[in-house]
S.K.: 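Here it is, the structure in full.
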Protein chains: 2
Amino acid sequence: MTDEKKPRRRPRSDGQRNRENLLNVAKAAFTAGEVDIPLDEIARRAGVGIGTLYRHFPNRDALIEAVYRAELDRLADAAPVLAAQHPPVEALRAWMRLFVDYIAAKLVIAPALNGLAGGTGALYAQSGTVLQGAIDGLVAAAVASGDISTDIEPVDLLRALAGVSNYAAGPGWETSAKRLVDILIAGSRTSAS
Amino acid sequence: MTDEKKPRRRPRSDGQRNRENLLNVAKAAFTAGEVDIPLDEIARRAGVGIGTLYRHFPNRDALIEAVYRAELDRLADAAPVLAAQHPPVEALRAWMRLFVDYIAAKLVIAPALNGLAGGTGALYAQSGTVLQGAIDGLVAAAVASGDISTDIEPVDLLRALAGVSNYAAGPGWETSAKRLVDILIAGSRTSAS
DNA sequence: TTATATTCGGAGGTATGCTCCGTTTAACAA
DNA sequence: TTGTTAAACGGAGCATACCTCCGAATATAA
């Protein structure tokens, strides 16, 4: 349990630079829909050898996961900001819409993500925690203000949203997703109690 | 250009039998979580050569799609049955829950499905139509009976459901999905109008 | 400047997706 | 029943992608 780390040396600057390069190239490729791009190609575009890629990310899934997690963190960070700017229910709504936007515009890695056959459990468990922390705060605030029923499980909303992002095919899906957000908010209100 | 088909002969019986064998074996494998099973192995289990598999399904995606579509049809067929057995809103709710059950118990091919990198659009468009037909009927009935707001797009509900199925990780996800169905129904009601 | 831990990078082993084509077999006609 | 033929069978083999391994290069600390 003692997680002693002996950073005898500072991490090498080129190492970190290469790592970020790889991450950026991978994100760009996935966003462009090149989900099945060979790892060799990613390494080439990033200007590094294949060996370097594999040291940073032991396998394909690890790379996808890293890209995914980085974007996820940014989304999670937006929650407190929105909470400070809007009343509870609207903050929740805004964040859910942001979720949709994010997936739509910048992150089409959803298919790639689901391609993580097998190990999804662990990944979702980990990263789900991050997002859950974000939405938990928003929901808690909305419950406290009396706008939302107390028996709503934040994770339910998260799942619906995640689903929509996967279904991101066909024209007009984005407005459809926005509508869905409204339905979810309406369904969570205390009105009918 | 005239694509006249002259079915001079009936399709061979062994051909169809082999095709169904392959489909069953593939479904079983996917359901068992063996998403990455080599196609050679599927052919072996079905008792046919690899060449036979590839004639029926030109590539891996085609096989997955075939399995997917077959199951989808069965789900769609359940809609009219439920509509005949329950009042509109309850029929809708029941069908949505069935959707969840189906994915949960018998169809863990969701990850495989999403692995159809690239061509998802076409597939979803096609098969989405089938499901949409099913839910359209249910929603129309509920709208007609005045239970549900008229501005609900059935496809929205579909998307949320599809999403949940992808998020099928972690314990208790199933009850969570059921809760979500209730939220969606509640959010679609006319009460607040 | 010297020492050394860390990173780099690509050749190559392994395995999987898919093709090709000679052989086998079921359907049809006489 | 028997011959003809179009269609299905099946596996050897090629292309390619993932990943490992290890000598060379290099940034950091003394």
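Sequence lines set the chain letters: A, B, ... in the order given, protein chains first and strands last, and positions in each chain run from 1. No experiment lies behind these values; they were computed from the predicted model shown.
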S.K.: Would you mind telling me which of C:dT7, D:dG10, D:dG11 lies closest to the side-chain atoms of B:Val48?
M.R.: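 Among the listed nucleotides, the one closest to the side chain of B:Val48 is D:dG10.
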S.K.: With a 4.5 Å cut-off on side-chain heavy atoms, are B:Leu39 and B:Tyr54 touching?
M.R.: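 Yes, their side chains come closer than 4.5 Å.
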S.K.: For A:Gly15, which contact category applies under a 4.0 Å heavy-atom criterion: base, sugar-phosphate, or nothing?
M.R.: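 The residue A:Gly15 makes sugar-phosphate contact but no base contact.
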S.K.: Identify which nucleotide among C:dA26, D:dT28, C:dG17 has an atom closest to any side-chain atom of B:Arg60, counting heavy atoms from C-beta outward.
M.R.: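 Closest of the options to the side chain of B:Arg60: C:dG17.
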S.K.: Rounded to whole angstrom units, what separation is found between the CD1 atom of B:Ile42 and the P atom of C:dG17?
M.R.: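 Between P of C:dG17 and CD1 of B:Ile42: 9 Å.
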S.K.: Check the phosphate of C:dT7 against A:His56, side-chain N and O only, distance under 4.0 Å to OP1 or OP2. Yes or no?
M.R.: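 Indeed not, no polar side-chain atom of A:His56 lies that close.
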S.K.: Does B:Arg55 make a side-chain N or O approach to OP1 or OP2 of D:dC9 shorter than 4.0 Å?
M.R.: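 Indeed, a polar side-chain atom of B:Arg55 lies that close.
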S.K.: Just the rounded figure in Å: distance from C1' of D:dA8 to CD of B:Gln16.
M.R.: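 Result: 13 Å.
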S.K.: Looking at the side chain of A:Leu39, which of D:dC19, C:dA27, C:dT7 is the nearest nucleotide?
M.R.: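 Nucleotide nearest to A:Leu39's side chain: D:dC19.
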S.K.: Without decimals, in angstroms, what is the distance between A:Tyr54 OH and C:dT7 C1'?
M.R.: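 It is 18 Å, rounded to the nearest whole Å.
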S.K.: Does OP1 or OP2 of C:dG17 have a side-chain N or O of B:Asn59 closer than 4.0 Å?
M.R.: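 The answer is no; no side-chain N or O of B:Asn59 sits under 4.0 Å from OP1 or OP2.
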S.K.: Of the options D:dC9, D:dA27, C:dC18, whose atoms approach the side-chain atoms of B:Asp40 most closely?
M.R.: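 Nearest to the side chain of B:Asp40 among the choices is C:dC18.
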S.K.: Without decimals, in angstroms, what is the distance between B:Arg44 CZ and D:dG10 P?
M.R.: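 Roughly 14 Å, once rounded to whole Å.
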S.K.: Are any of the side-chain heavy atoms of A:Asp182 and A:Met96 separated by less than 4.5 Å?
M.R.: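 With C-beta onward as the side chain, the pair stays apart.
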S.K.: Could you tell me how far apart A:Arg12 (CZ) and D:dA29 (C1') are, to the nearest whole angstrom?
M.R.: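 Whole-Å distance recorded here is 13 Å.
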S.K.: Is the phosphate of C:dT7, meaning OP1 or OP2, less than 4.0 Å from a side-chain N or O of A:Thr52?
M.R.: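 No, outside the criterion.
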S.K.: Let me know the distance between CZ of B:Arg19 and P of C:dA26, rounded to the nearest Å.
M.R.: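 So the two atoms are 20 Å apart, to the nearest Å.
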S.K.: Do you know which two heavy atoms are closest between A:Asn59 and A:Ala62, and how far apart they sit?
M.R.: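 Result for this residue pair: OD1-N, 2.8 Å.
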S.K.: Could you please spell out the steps behind the side-chain contact (heavy atoms from CB on, under 4.5 Å) verdict for B:Leu63 and B:His56?
M.R.: CA-CA 8 Å; B:Leu63 175 59; B:His56 286 297; over 6 Å; no
S.K.: Expressed in angstrom and rounded to an integer, what is the separation of B:Glu41 atom CD from C:dG17 atom P?
M.R.: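 Distance, rounded to whole Å: 11 Å.
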S.K.: Would you mind reading off the distance between B:Asn21 atom CG and D:dC9 atom C1', rounded to a whole angstrom?
M.R.: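 Taking CG of B:Asn21 and C1' of D:dC9, I get 14 Å after rounding.
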S.K.: Say you draw a straight line from CG of A:Leu53 to CG of A:Asp40; how long is it, rounded to the nearest 0.5 Å?
M.R.: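 One gets 8.5 Å once the value is rounded to the nearest 0.5 Å.
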S.K.: Can you tell me if B:Asn18 touches the phosphate of D:dA8, counting only side-chain N or O atoms and a distance under 4.0 Å to OP1 or OP2?
M.R.: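 No, B:Asn18 has no side-chain N/O under 4.0 Å of OP1/OP2 on D:dA8.
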